Amino acid sequence: EYNIIVCQVGETRFGLVVDEVFDTQEIVVKPVGSLVKHLTVYAGCTILGDGRVIMILDPAGIANASSVLTGDEQQGNASSDRDSTEDDDVESVLLYDAGGAALQAVPLSLVARLEEIPAKDIEQADGRTLVQYRGALLPLLVPSPDMDVRARDPRPVIVFTDNGRSMGLAVDEIRDIVDTRLSVDQGSHRAGVLGVCVINGKATEIIDTNHFLRQAFGDWFAPAAELLQEDRRVLLVDDSRFFLNLIAPVLRGAGYRVTTALDGEEAIARLERGERFDIIVSDIDMPTVDGYAFAQAYRAHPQWGSSPIIALTGRSGASDREHAIACGFDDFLVKFDREAVLGTLKRLTQREEAVA
């Protein structure tokens with residue numbers, strides 16, 4: 001016996017074979033993040049009442065991938081996909097209530113899982129709050145010292161995972177997933193908060209994930225240091241202060257000396273002042289001088305163009321990659337893929353040492 005969901009796209013009907021049908025629900029579909037929106041089989045995502053993030057299948061995308069649509073229907077679907085993915089500056093963020101006056105947000109791409117932890121499972125040991133989670137102890141942190149972690153049962157928890165280690169951030173309520181442009185005010189002096197931006201018409205605090213990661217494990221980024229050489233200078237170019245605050249500590253923790261620039265124009269000004277770097281990591285979409293123009297100017301200059309330059313961007317198309325390589329980039333990586341970034345830096349660093 002088979003469970004088949006009958007779908008219709010245009011004039012085409014087809015059956016989607018599934019293992020089991022659980023229930024029907026009314027949901028609010030949110031756009032997927034930039035890292036996965038090129039996968040046409042997904043129409044978006046939603047958060048269920050228990051905090052789980054669920055991917056929503058796109059029947060048209062599935063039909064197109066399975067070659068069951070006519071030529072006209074395929075063309076129309078492809079056009080729709082291009083329209084929905086043309087804005088690469090938009091980022092998916094998770095909104096939640098942490099018990100303060102303002103909502104807080106974190107990029108969805110950094111979140112591993114959303115859990116609800118029973119109060120009876122929250123323990124204290126060695127001066128820390130811990131949860132036995134998936135065969136290991138999960139450090140549980142609170143966004144505010146005023147939060148009683150056991151006051152809510154079950155307690156919603158945002159889980160961050162990297163390189164085999166995990167930590168949980170206790171919150172009061174998961175509110176939503178929204179797509180927005182993050183324009184962060186860097187004036188915040190409060191530990192754990194990068195700044196404030198407007199999301200859905202409300203002032204929202206953007207949390208500093210590195211603050212909580214280092215609280216859970218003081219050496220969170222330390223294991224990567226053995227992969228790299230010390231005293232290598234990196235120029236990190238991106239017009240998003242938010243992204244600079246995310247990736248710069250990762251590179252510094254891996255043994256690099258990091259200098260940042262907010263766009264290609266500032267990066268060129270640093271080079272013209274005589275600053276030299278062993279490797280450059282640059283975004284593509286930037287004002288005034290974008291990544292493509294910056295890479296071309298860098299390669300054309302007789303004294304600058306020898307060091308490797310990497311594109312680190314939200315773009316993921318094959319044409320974007322080809323254009324970046326043609327402009328002089330050595331490699332093309334998608335943002336927030338930490339292991340890929342560190343691995344590429346190691347490879348290019350070793351290549352330069354071999355040439356020297």
Side-chain angles (χ1 to χ4, degrees), residues 34-35 87-91 107 109-110 181-184 186 194-195 206 208 210 221 228 231-317 320-338 340-349 351-352:
S34 59
L35 293 181
D87 193 345
D88 291 307
D89 294 332
V90 172
E91 187 167 355
S109 56
L110 300 180
R181 287 183 178 88
L182 291 177
S183 179
V184 181
Q186 293 296 304
L194 281 177
I206 307 300
D208 180 3
N210 292 318
F221 298 116
L228 305 164
D231 296 329
R232 289 283 179 174
R233 295 200 64 192
V234 175
L235 176 62
L236 182 60
V237 188
D238 200 300
D239 62 315
S240 169
R241 292 183 183 272
F242 182 81
F243 180 73
L244 291 178
N245 278 281
L246 283 176
I247 194 65
V250 174
L251 300 183
R252 292 189 179 106
Y256 287 107
R257 290 186 294 156
V258 179
T259 301
T260 61
L262 283 172
D263 54 32
E265 185 176 39
E266 182 181 343
I268 289 174
R270 286 186 173 279
L271 292 167
E272 288 177 340
R273 290 198 298 266
E275 296 184 47
R276 294 294 177 263
F277 303 93
D278 298 291
I279 196 163
I280 296 176
V281 181
S282 176
D283 188 20
I284 295 295
D285 299 294
M286 297 181 293
T288 312
V289 178
D290 66 11
Y292 296 131
F294 170 58
Q296 289 174 324
Y298 179 73
R299 290 302 185 202
H301 197 283
Q303 296 179 342
W304 300 348
S306 60
S307 297
I309 179 169
I310 302 171
L312 190 59
T313 175
R315 295 173 177 261
S316 57
D320 297 318
R321 176 183 294 273
E322 292 172 1
H323 187 36
I325 298 301
C327 288
F329 283 100
D330 291 271
D331 211 331
F332 184 96
L333 303 175
V334 177
K335 285 184 176 181
F336 298 118
D337 190 343
R338 173 179 175 271
V341 172
L342 294 179
T344 299
L345 288 176
K346 176 186 177 183
R347 174 174 58 82
L348 293 177
T349 299
R351 187 188 73 180
E352 291 300 301

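The structure presented is a predicted model; accordingly, all values stated were derived computationally and were not measured.
In this structure, CD in Glu266 is found 11.0 Å from OG1 in Thr288, a value given to the nearest 0.5 Å. For the atom pair Ile268 CD1 and Glu265 CD, the distance stands at 7.5 Å (nearest 0.5 Å). Once rounded to the nearest 0.5 Å, the distance linking OG1 of Thr344 with CG of Leu348 reads 6.5 Å. In this structure, the separation between CZ on Phe329 and CZ on Arg321 is 12.0 Å, given to the nearest 0.5 Å. For the atom pair OG (Ser307) and CZ (Arg299), the distance works out to 8.0 Å, reported to the nearest 0.5 Å. The CG atom of Leu251 sits 6.0 Å away from the CG atom of Leu345 when rounded to the nearest 0.5 Å.
No side-chain donor-acceptor contact under 3.5 Å links Arg233 to the backbone of Tyr256. Listed for the Ser282 side chain is no donor-acceptor partner under 3.5 Å among the backbone atoms of Gly291. Panel note: side chain Asp290, backbone Asp285; no donor-acceptor pair is recorded below 3.5 Å. The backbone N or O of Asp278 lies less than 3.5 Å from no partner atom in the side chain of Arg232, so there is not a single donor-acceptor pair.
Contact between Asp239 and Met286 at its shortest, heavy atoms only, is OD1-CG, 3.7 Å. Tyr298 and Ile280 make their closest contact through CE1-CD1, 3.4 Å (heavy atoms, listed as atom of the first residue, atom of the second, distance). Annotation for Thr260 and Arg270: closest pair O-NE, 3.4 Å, computed over non-hydrogen atoms. Nearest heavy atom pair, residue Ala267 against residue Val237, reads CB-CG2, 3.8 Å.
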**Leu244 and Leu262: CA distance, side-chain angles, deciding distance, side chain to side chain contact (heavy atoms under 4.5 Å, CB included) verdict** = CA-CA 9 Å; Leu244 291 178; Leu262 283 172; 3.8 Å; yes

**Request:** Give the C-alpha distance, both sets of side-chain angles, the deciding distance and a yes or no for side chain to side chain contact (heavy atoms under 4.5 Å, CB included) between Phe277 and Ile309.
**Result:** CA-CA 10 Å; Phe277 303 93; Ile309 179 169; over 6 Å; no

**Asked** Where do Leu235 and Glu275 land on the side chain to side chain contact (heavy atoms under 4.5 Å, CB included) test, with the steps shown first?
**Response** CA-CA 10 Å; Leu235 176 62; Glu275 296 184 47; over 6 Å; no

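Within a 6.0 Å sphere centred on CD of Gln296, other residues, nucleotides and ligands contribute more than 12 heavy atoms.
For the pair Asp331 and Leu333, the minimum side-chain heavy-atom distance is below 4.5 Å. Counting heavy atoms from C-beta outward, Val341 and Ile310 have side chains that stay 4.5 Å or more apart.
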